[in-house]
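What follows is one structure encoded as structure tokens, with my remarks underneath.
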Amino acid sequence: MIENGSRVTMEEITALAKRRGFIFPSSEIYGGIGGFFDYGPLGAVLKRNVKDAWWRETVELRDDVVAFDSSIVMHPSTWVASGHVAAFHDKLVDCRNCKHRFRADHLSSLAKCPDCGMTGSLTEPRNFNLMMTTNVGPLEDSASLTYLRPETAQGIFVNFKNIYQSARKKPPFGVAQIGKSFRNEITPGNFTFRVREFEQAELEYFVPDDGHDLECYERWVVARKQWYSDYGIKPERLRFYELTEQERPHYARAGTDVEYLFPWGWGELESIAHRGTYDLDAHMKLSGKDLSFFDEATRAKYTPLLIESSAGMDRTTLTMLIDAYDNETIVDEGGKESKRTVLRFHPKIAPVQTGIFPLARNKPDLVERAQALERALRPHVRTQYDEGNVGQLYRRQDEIGTPFCIMVDYQTIDDGTVTVRHRDSMKQDRVGGDALAGYLAERL
Ligand code: ATP
């Protein structure tokens, strides 16, 4: 009998992430640095799987989306045209007493510091640009000042002509990119939810202004809903919030925020927006270069409309971790209770897909057989060989979300069969050696 435990806390997630090698604070031996994290051996694979899943559905399985990978540092004029230099601000408030710093829009009142409780200690809100700066070249003067990109999208816009001409694409078509972005967030926090260096997966989908643009936008909203559902995010913890006209930027014709119910409340994972011709127009105006589309067949020249989906890969990875987390009480046949922590990852997302163990670590024939099986499966699934106390091996694999564990025992030596144990039900199947690859392929 299995009883579901209560919802996970961020303390539990952070502790598990550290203990099992998913996520560590960056530069921890020097005391860490606020808003930066490192992905450990399992976390790096988890995040890669999340990105691969996005890439597979958004690029590889479609014939209307092409790949892109632009530089992090771009010509500084890019950020003038995009509006980031003039308007990518948060309002910053300091407490004169405890010296803590807040985003004004995160405070319920400016009367009293939420940390030290002092009345009248907060400064007036002032603008703080979130772009990180750097210098390019040997001279540190204002002419060499550039920015680390705060979003990946602009690399696609400035290359629009290069892309459609070289890829021989015509709207409707999309350009996708996954890459690092940087924002000097005033108050990073909630683990990897709000960080200063993060990865975005962005799709810029260009469509003609032929009256079908809103349908196209709706299709992308549906496609993204399907993606979260396909990779197992619980539907009751996900919502697609449609922005009102007042909530959207003036140029946007529609917008949806994809939000997940985190332990601290709803938080944005992705924004999907119909941005009109705003971005291409802005770059044409400042650069003086033509980024409109010329249709050879009809001889028509126009600026395409843009549907954008911008998802945070760190936030999505964190969501996968939180959504998969379960702490349950198991009652065995004799009525004895025990607890187990299990990450119920989708098999495609799980960093390890099969754990392979010998029944006893001191029996060389079992060890050799298990190691040989692990080597044979390695090209096909993500495997991990381990040995030790059987109960502990299962608990460890449950805690890192491995969907299947394979046990090599004495019967394996006799007839080639192995025991396959399922993470979620903890049920075990006896599977023939020849049938194993097919058995796993079907389920992974
Ligand atoms: P927020 O309101 O949470 O600051 P935003 O509306 O500024 O986010 P966008 O500019 O729409 O975010 O960026 C698209 C996506 O990039 C977000 O939905 C999020 O997943 C991710 N993202 C943005 N800022 C951060 C950050 N500081 N840390 C991690 N991911 C981020």
E124 atom CD: more than 12 heavy-atom contacts under 6.0 Å:
no
Listed by chain and number, what are the side-chain contact (heavy atoms from CB on, under 4.5 Å) partners of V85, not counting sequence neighbours?
W79, V80, M131, Y147
If you measure from the Lys or Arg side-chain nitrogens to the Asp or Glu carboxylate oxygens, is any gap between E399 and R19 under 4.0 Å?
yes
Please report the interatomic distance CD1(I322) to CG(L343), rounded to the nearest 0.5 Å.
11.0 Å
Residues two or more places apart in sequence or in another chain: which of them pass ring pair (Phe, Tyr, Trp, His ring centres under 6.0 Å) with W220?
Y205
Could you tell me if T277 and Y302 have a donor-acceptor pair between their side chains, going purely by distance under 3.5 Å?
no
In chain order, what residues pass the side-chain hydrogen bond (donor to acceptor under 3.5 Å, both in side chains) check against T152, with sequence neighbours excluded?
E202
A quick test of your reading: do over 12 heavy atoms of other residues, nucleotides or ligands sit less than 6.0 Å from NZ of K348?
no
Is the gap between the ring centers of H89 and F128 under 6.0 Å?
no
Here the gap from N327 atom CG to R7 atom CZ, rounded to the nearest 0.5 Å, amounts to 13.0 Å
Do Y217 and E215 have a side chain donor and acceptor closer than 3.5 Å?
no
Of all heavy-atom pairs between P114 and L107, which one has the smallest distance, and what is that distance?
CG-CD2, 3.5 Å
Ring centroid separation for W266 and Y241, is it under 6.0 angstrom?
no
Contact list for residues 172-186, test salt bridge (charged side-chain N to carboxylate O under 4.0 Å, His left out), sequence neighbours left out
R103-E185, K180-E197, E185-R194
Atom pair NE2/CD1 of H274 and I307 - distance to nearest 0.5 Å
4.5 Å
Sorted by chain and residue number, the side-chain hydrogen bond (donor to acceptor under 3.5 Å, both in side chains) partners of T383 (sequence neighbours excluded) come out as E374
Testing the 3.5 Å rule here: is there a donor-acceptor pair between the side chains of Q154 and T78?
no
With a 3.5 Å distance limit and no angle check, can you tell me whether R196 reaches the backbone of M132 through a side-chain donor-acceptor pair?
no
Going from OG1 on T316 to OH on Y260, what distance comes out if it is rounded to the nearest 0.5 angstrom?
11.5 Å
Check: N49/D52 side-chain N/O donor and acceptor closer than 3.5 Å
no
Before you tell me yes or no, could you show the steps for L377 and I356 under side-chain contact (heavy atoms from CB on, under 4.5 Å), namely the whole-Å CA-CA distance, both residues' side-chain angles and the distance that decides it to 0.1 Å?
CA-CA 10 Å; L377 289 175; I356 297 149; 3.8 Å; yes
Where the side chain of R443 meets the backbone of Y439, is there a donor-acceptor pair that is under 3.5 Å apart?
yes
Heavy-atom closest contact (R126 atom, D94 atom, distance)
NH2-OD2, 2.5 Å
Strictly by salt bridge (charged side-chain N to carboxylate O under 4.0 Å, His left out), give each pair with a member in residues 303-312 just once, sequence neighbours left out.
none
Ring centers of F193, F191 separated by less than 6.0 Å:
no
Check this for me: does any side-chain nitrogen of one of R275 and D279 sit under 4.0 Å from a carboxylate oxygen of the other?
yes
Could you note down all residue pairs passing salt bridge (charged side-chain N to carboxylate O under 4.0 Å, His left out) where residues 283-294 supplies at least one of them, sequence neighbours left out?
D290-K301
Suppose we screen for side-chain hydrogen bond (donor to acceptor under 3.5 Å, both in side chains). Which residues come up paired with H100, at least two apart in sequence or across chains?
D115
Give every residue pair that meets the side chain to side chain donor-acceptor pair (under 3.5 Å) criterion with at least one member in residues 21-31, sequence neighbours excluded.
K18-E28
Pairs touching residues 155-180 that satisfy ring pair (Phe, Tyr, Trp, His ring centres under 6.0 Å), sequence neighbours left out:
F160-Y164, F160-F206, Y164-F293, F173-F206
Please name all residues satisfying side-chain hydrogen bond (donor to acceptor under 3.5 Å, both in side chains) with T244, sequence neighbours left out, ordered by chain then number.
E247
Quick test of your reading: applying salt bridge (charged side-chain N to carboxylate O under 4.0 Å, His left out), list the pairs with at least one residue in residues 217-231, sequence neighbours left out, ordered by first then second residue.
R224-E270
When you measure from the side chain of R340 to the backbone N and O of R395, does any donor-acceptor pair fall under 3.5 Å?
no
Side chains of S144 and N135 only: does a donor on one sit below 3.5 Å from an acceptor on the other?
yes
Side chains of Q397 and Q384: do they bring a donor and an acceptor to under 3.5 Å?
yes
Does one side chain, of E151 or S310, offer a donor that lies under 3.5 Å from an acceptor on the other?
no
Hey, is K91 close enough to D105 for a salt bridge, meaning N to O under 4.0 Å?
no
Distance from L373 atom CG to L436 atom CG, nearest 0.5 Å?
6.0 Å
Mind checking the CZ-CG spacing from F182 to L130? Nearest 0.5 Å is all I need.
14.5 Å
Working note: K339 + E328, criterion salt bridge (charged side-chain N to carboxylate O under 4.0 Å, His left out); need CA distance, chi angles, decisive distance, verdict.
CA-CA 6 Å; K339 289 243 179 229; E328 57 181 22; over 6 Å; no
